[in-house]
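Notes follow the structure.
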Amino acid sequence: MPLFSHRHSSPLPTATYSSKLLKPLKPNSASVPTRTPVPIIVFSLISLLIGLAGTIFAVAAIRRSRPLPVFRCGKSDDTFRAFYSISSSRKLDHNAGLLERPKLLGFVGILTGFRGADRRAAMRSTWFPSDPDGLLRLEQATGLAFRFVIGRSKDSKKMAELQKEIDQYRDFLVIDIKDEYVSLPWKTLEFFKAAFQHFEADYYVKADDNIYLRPDRLAILLAKERTDSRTYIGCMKKGPVITDPKMKWYEKSGHLIGNEYYLHAYGPIYVLSAEVVASLATARNDSLRMFNNEDVTIGSWMLAMNVHHEDNRFLCDPRCSPKSIAVWDIPKCSGLCNPALRMKELHAMSMCSKSPTLLSNDD
């Protein structure tokens with residue numbers, strides 16, 4: 001976090017005086033008392049008052065309490081602009097240009113769904129702040145803003161329940177897409193477009209609502225100096241393409257890929273740099289290939305965009321360690337198995353929630 005320095009005003013220049021030798025009075029000359037003209041007296045008093053006022057103002061300015069510095073001079077309270085009212089009252093217009101966006105190190109979108117209330121509750125009782133003030137403090141400490149990201153439903157009851165949760169916690173970004181699992185690649189693209197429109201960040205993080213995250217360590221990872229402005233960070237993997245419709249992770253367009261997937265990040269959490277997201281934000285939805293699986297879809301876009309793949313295994317740690325950033329039950333589950341319970345169990349472990357934040361050493 002940058003330190004802020006304040007320049008002190010240079011001291012007022014000291015006045016210098018010069019005097020001429022006076023001629024001696026002639027003897028026996030009577031001394032005549034002289035009177036100072038009234039205009040000079042008035043001018044002197046006015047000058048004195050102005051000087052006193054300037055001194056008082058300078059002392060008050062120096063002693064005035066200074067606000068806590070906010071990451072990169074951003075307006076943290078601006079990130080709590082009415083996302084909930086914006087996203088619930090009108091559609092995002094991606095052709096309307098960018099809003100005045102708060103500046104951040106990173107924006108973290110936690111993709112969630114209408115069945116994820118128990119997961120969100122578990123997160124708010126562990127590593128995710130449960131109130132706007134807590135989110136603001138976390139943002140000031142790390143440079144990261146967090147929101148739950150959800151689409152819409154035609155079910156009015158579901159939307160009414162969601163609105164109650166939005167009003168209570170104010171930690172949502174609602175995007176204009178039907179929220180269902182089969183639409184996850186489209187939802188992810190819409191998330192990046194909305195995040196880019198509302199936040200000016202160096203990095204944009206997509207995460208699922210079933211991982212245990214250490215925001216402090218994630219901030220250290222994102223603050224690392226990189227030579228490539230097009231960066232894709234995650235736990236990278238390859239594997240056989242599933243072409244059997246009866247199997248999980250079936251890929252109906254597998255014939256376009258071949259027998260093995262290209263290198264791509266696991267879906268529970270990955271990071272895209274600002275330049276990458278800017279390209280996605282301006283792309284037409286029908287110009288990008290959509291596969292069945294969201295992580296595979298993102299990976300195909302990254303190949304086309306010639307990004308730098310950065311593999312970081314601390315984003316998929318199966319257990320809490322001194323350097324783990326995201327913890328989930330890899331390879332048993334794509335995220336935590338039974339996340340509402342496991343998240344609380346992990347948070348109760350000192351190694352997960354209370355271990356010190358260690359600086360990155362390029363591991």
Side-chain angles (χ1 to χ4, degrees), residues 104-111 143-146 149 184-197 199-208 211 213-215 217-239 241 249 251 253 256-258 260-285 287-317 323-326 328 330-331 334-335 360 362-363:
L104 299 162
L105 171 61
F107 177 78
V108 185
I110 311 294
L111 269 64
L144 307 178
F146 292 81
V149 180
L184 188 54
W186 286 269
K187 178 180 178 180
T188 304
L189 177 59
E190 188 68 16
F191 153 64
F192 282 121
K193 288 189 173 187
F196 183 78
Q197 186 178 28
F199 293 90
E200 181 183 351
D202 292 337
Y203 297 94
Y204 296 84
V205 184
K206 178 265 175 180
D208 288 343
I211 63 172
L213 186 65
R214 282 290 298 260
R217 295 176 184 172
L218 177 61
I220 290 175
L221 172 65
L222 300 187
K224 173 185 171 183
E225 290 290 336
R226 293 178 172 85
T227 57
D228 200 322
S229 60
R230 296 188 304 275
T231 303
Y232 172 37
I233 310 171
C235 288
M236 301 296 168
K237 63 170 180 171
K238 287 185 176 181
V241 178
W249 316 125
E251 183 53 69
S253 299
L256 298 175
I257 302 172
E260 187 179 56
Y261 283 119
Y262 35 80
L263 190 69
H264 63 283
Y266 278 101
I269 182 170
Y270 54 85
V271 183
L272 303 182
S273 63
E275 187 172 322
V276 177
V277 175
S279 298
L280 294 179
T282 56
R284 292 173 57 90
N285 284 18
S287 68
L288 297 171
R289 170 73 63 178
M290 296 287 180
F291 293 100
N292 279 28
N293 300 301
E294 170 249 343
D295 54 353
V296 171
T297 301
I298 296 293
S300 70
W301 302 344
M302 296 303 101
L303 284 180
M305 296 173 67
N306 192 28
V307 304
H308 172 68
H309 291 61
E310 183 176 316
D311 185 26
N312 191 304
R313 310 316 288 183
F314 294 119
L315 288 170
C316 57
D317 209 329
K323 293 187 179 180
S324 58
I325 300 171
W328 45 284
I330 184 174
S334 182
S360 173
D362 298 335
D363 288 337

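These values consider heavy atoms only, across backbone and side chains, with no hydrogens, waters or symmetry-generated copies.
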Q) Taking the side chain as C-beta and beyond, is there a heavy-atom pair between Leu213 and Phe146 under 4.5 Å? A) yes
Q: Could you go through the side-chain contact (heavy atoms from CB on, under 4.5 Å) check for Thr188 and Leu111 one step at a time?
A: CA-CA 8 Å; Thr188 304; Leu111 269 64; 3.8 Å; yes
Q: Evaluate the criterion side-chain contact (heavy atoms from CB on, under 4.5 Å) for residue pair Asp311 and His309; output intermediate values, then yes/no.
A: CA-CA 6 Å; Asp311 185 26; His309 291 61; over 6 Å; no
(Q) Working to the nearest 0.5 angstrom, can you tell me the gap between Ser279 OG and Phe192 CZ? (A) 12.5 Å
Q: Could you tell me whether the side chain of Tyr261 reaches within less than 4.5 Å of the side chain of Val296, counting heavy atoms only?
A: yes
Q.
Would you say that Lys206 contacts Ile298 through its side chain, given a criterion of any heavy-atom pair below 4.5 Å between the two side chains?
A. no
**Q.** Ala283 to Leu288 - nearest heavy-atom pair and separation
**A.** CB-CD1, 4.1 Å
Q.
My understanding is that only one of Asp295, Leu303, Asn293 makes a side chain to side chain contact (heavy atoms under 4.5 Å, CB included) with His264; could you say which?
A. Asp295
Q: Verify, without hydrogens or angle tests, whether Glu275 (side chain) and Arg230 (backbone) share a donor-acceptor contact under 3.5 angstrom.
A: no
**Q.** Considering all heavy atoms, the nearest Pro268-Ser334 contact
**A.** CG-OG, 3.7 Å
Q: Spell out, as yes or no, whether a donor-acceptor pair under 3.5 Å connects the side chain of Tyr204 to the backbone of Phe199.
A: yes
Q) When rounded to the nearest 0.5 angstrom, what is the spacing between CE in Met302 and OG1 in Thr297? A) 11.0 Å
Q.
Could you measure the distance from the CE atom of Met236 to the CG atom of Leu315? Nearest 0.5 Å is fine.
A. 9.0 Å
Q | Result of checking Asp228, Thr231, Val271 against Glu310 for side chain to side chain contact (heavy atoms under 4.5 Å, CB included) | A | Thr231
Q. Roughly how far apart are Arg217 CZ and Asp317 CG, rounded to 0.5 Å?
A. 9.5 Å
Q | Ile269 side, atom CD1; Cys316 side, atom SG - distance, nearest 0.5 Å | A | 10.0 Å
Q: Report yes if some heavy atom in the side chain of Ile330 is under 4.5 Å from a heavy atom in the side chain of Lys237; otherwise report no.
A: no
Q) Do Met305 and Leu280 come within less than 4.5 Å of each other through their side chains, counting heavy atoms only? A) yes
Q: Give the minimum heavy-atom separation between Phe196 and Ala274, together with the two atoms involved.
A: CE1-O, 4.3 Å
Q. Would you call Ser300 and Tyr262 a side-chain contact if the rule is heavy atoms closer than 4.5 Å?
A. yes
Q: Evaluate the side-chain proximity of Phe107 to Phe191: yes if any heavy-atom separation is below 4.5 Å, no if none is.
A: yes
Q.
Any side-chain to backbone donor/acceptor pair from Ser273 onto Ser229? Under 3.5 Å, distance only.
A. yes
(Q) Under the criterion side-chain contact (heavy atoms from CB on, under 4.5 Å), I'd like the reasoning laid out for Leu189 against Trp301: C-alpha separation, chi angles, the key distance, then a yes or no. (A) CA-CA 11 Å; Leu189 177 59; Trp301 302 344; 3.9 Å; yes
Q: Dump the intermediate steps for side-chain contact (heavy atoms from CB on, under 4.5 Å) on Trp328 and Asp208, then the final yes or no.
A: CA-CA 11 Å; Trp328 45 284; Asp208 288 343; over 6 Å; no
Q) Quick one: OH on Tyr270 to CD on Glu294, what's the gap to the nearest 0.5 Å? A) 3.5 Å
Q: May I ask you to test the Leu144-Val205 pair for a side-chain heavy-atom distance under 4.5 Å?
A: no
